Amino acid sequence: MRNEAEKRVIRDALGIGIATGTYGLSFGALSTTAGLTLAQTCVLSLLMFTGASQFAFVGVVAAGGAPLAGAATAALLGSRNALYGLHLARLLRMRLPRRLGAAQFVIDESAAMSLDTRNEPLARLGFWAAGLSVFGCWNIATLLGALGARALSNPSVLGLDVVAPAAFVALMAPRLRTPITWWAALIAAAVALTAVPFTPAGVPVLLAAAAVVALSLWSSHDDGRRVETDSREVPRNASHVDDTVPEERKVG
């Protein structure tokens with residue numbers, strides 16, 4: 001019998017899967033209208049399985065670009081998942097064969113659900129529950145969107161393009177509890193928005209991630225200096241206390 005915390009994680013993961021999967025309807029329709037076959041569209045979701053990269057690939061192809069250029073753009077945008085791997089490798093602690101399988105589910109949503117540092121079992125459950133939930137819902141939605149491409153020839157009118165960003169904001173919002181997390185979110189957004197008009201697809205995300213990493217390193221270094229300063233003050237405080245003890249005894 002699962003406890004309440006595990007049920008909550010699974011419930012959240014299912015909600016995220018359904019919300020993100022809805023976005024897959026848009027991808028299925030756009031991919032088909034861009035000229036990809038039903039099979040090619042479904043294989044992209046099964047094997048690539050990273051929404052932003054899939055849309056980048058389809059966008060390049062739809063604009064008349066070569067498939068190789070689309071693949072390069074998709075790979076550049078998807079490289080941000082490697083940053084999640086640094087955290088997840090320590091959390092999951094798997095051997096190489098199983099690690100290759102787990103890598104398929106390293107996406108924004110599963111990485112966000114694994115950030116419960118207070119409880120590693122729940123963090124691992126969050127990763128797997130979100131990864132599998134999004135994978136299943138995304139692929140089903142891709143198939144449905146591709147099949148209904150004629151009915152969804154202009155999926156933007158349904159507002160499906162905002163579902164994935166909204167889901168990610170919902171994941172991030174509860175974690176904005178400290179000034180440093182707010183600064184990280186604001187700096188990342190500013191860097192990405194500034195870079196969008198001047199850089200290829202995928203680069204703004206990488207620049208934003210690099211900015212957050214730099215902020216994290218600076219924050220860790222600053223905290224380390226504070227701890228070191230505090231540790232140096234301890235002996236002086238201790239000796240001060242010791243010096244006052246005899247005086248207190250004399251007064252007694």
Side-chain angles (χ1 to χ4, degrees), residues 9-65 67 69-81 84 102-114 126-174 192 196 201-202 204-205:
V9 169
I10 294 174
R11 184 171 59 249
D12 291 346
L14 290 175
I16 292 168
I18 293 172
T20 308
T22 305
Y23 192 35
L25 291 170
S26 181
F27 169 74
L30 288 173
S31 178
T32 302
T33 56
L36 276 71
T37 66
L38 175 64
Q40 289 170 332
T41 298
C42 292
V43 167
L44 270 178
S45 284
L46 283 169
L47 300 182
M48 185 179 288
F49 184 49
T50 170
S53 296
Q54 291 178 231
F55 274 100
F57 176 82
V58 169
V60 171
V61 173
T73 302
L76 180 61
L77 188 57
S79 62
R80 74 191 188 282
N81 291 341
Y84 301 147
Q104 177 69 357
F105 304 105
V106 177
I107 54 176
D108 296 333
E109 292 79 8
S110 63
M113 286 288 289
S114 71
F127 168 80
W128 286 110
L132 292 170
S133 175
V134 174
F135 183 80
C137 293
W138 178 266
N139 280 280
I140 292 172
T142 296
L143 176 61
L144 294 176
L147 291 174
R150 289 185 179 180
L152 295 175
S153 58
N154 186 16
S156 61
V157 300
L158 301 180
L160 296 177
D161 53 331
V162 303
V163 174
F168 191 71
V169 169
L171 285 170
M172 181 180 67
V196 165
V205 177

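Computed from a predicted model, the values in this text were never measured in an experiment.
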> What is the distance from atom CD of Gln104 to atom OG1 of Thr50, rounded to the nearest 0.5 Å?
Replying inline: 10.0 Å

> At their closest point, which heavy atom of Gln54 faces which heavy atom of Ser45, and how far apart are they?
Replying inline: NE2-OG, 3.0 Å

> For the residue pair Glu109 and Ala130, what are the closest heavy atoms and their distance?
Replying inline: O-CB, 4.1 Å

> Hey, what do you get for CG (Leu25) to CH2 (Trp138), rounding to the nearest 0.5 Å?
Replying inline: 9.5 Å

> Where is the tightest heavy-atom contact between Ser133 and Ala13, given as atom of each residue plus distance?
Replying inline: OG-O, 3.0 Å

> Atom SG in Cys42, atom CG in Leu47: separation rounded to 0.5 Å?
Replying inline: 11.0 Å

> If you take all heavy atoms of Gly126 and Val9, which pair is closest and at what distance?
Replying inline: CA-CG1, 3.5 Å

> Val134 and Phe49: side-chain contact (heavy atoms from CB on, under 4.5 Å), yes or no, with the steps?
Replying inline: CA-CA 9 Å; Val134 174; Phe49 184 49; 3.9 Å; yes

> With Leu38, which of Thr142, Leu147, Val43, Thr32 fulfils side-chain contact (heavy atoms from CB on, under 4.5 Å)?
Replying inline: Leu147

> What is the minimum heavy-atom distance between Ile16 and Met113, and which atoms define it?
Replying inline: CD1-SD, 3.7 Å

> What are the two closest non-hydrogen atoms of Ala111 and Tyr84, and how far apart are they?
Replying inline: CB-CG, 3.7 Å

> CG of Asp108 to OG1 of Thr20: how many Å apart, nearest 0.5 Å?
Replying inline: 9.0 Å

> Measuring from Trp128:CH2 to Ser114:OG, what's the distance to the nearest 0.5 Å?
Replying inline: 11.5 Å

>> Closer than 3.5 angstrom, by distance alone: can the side chain of Ser31 be matched with the main-chain N or O of Gly28 as a donor-acceptor pair?
In response: no

>> Taking the ring of Phe127 and the ring of Phe105, is the distance between their centroids below 6.0 Å?
In response: no

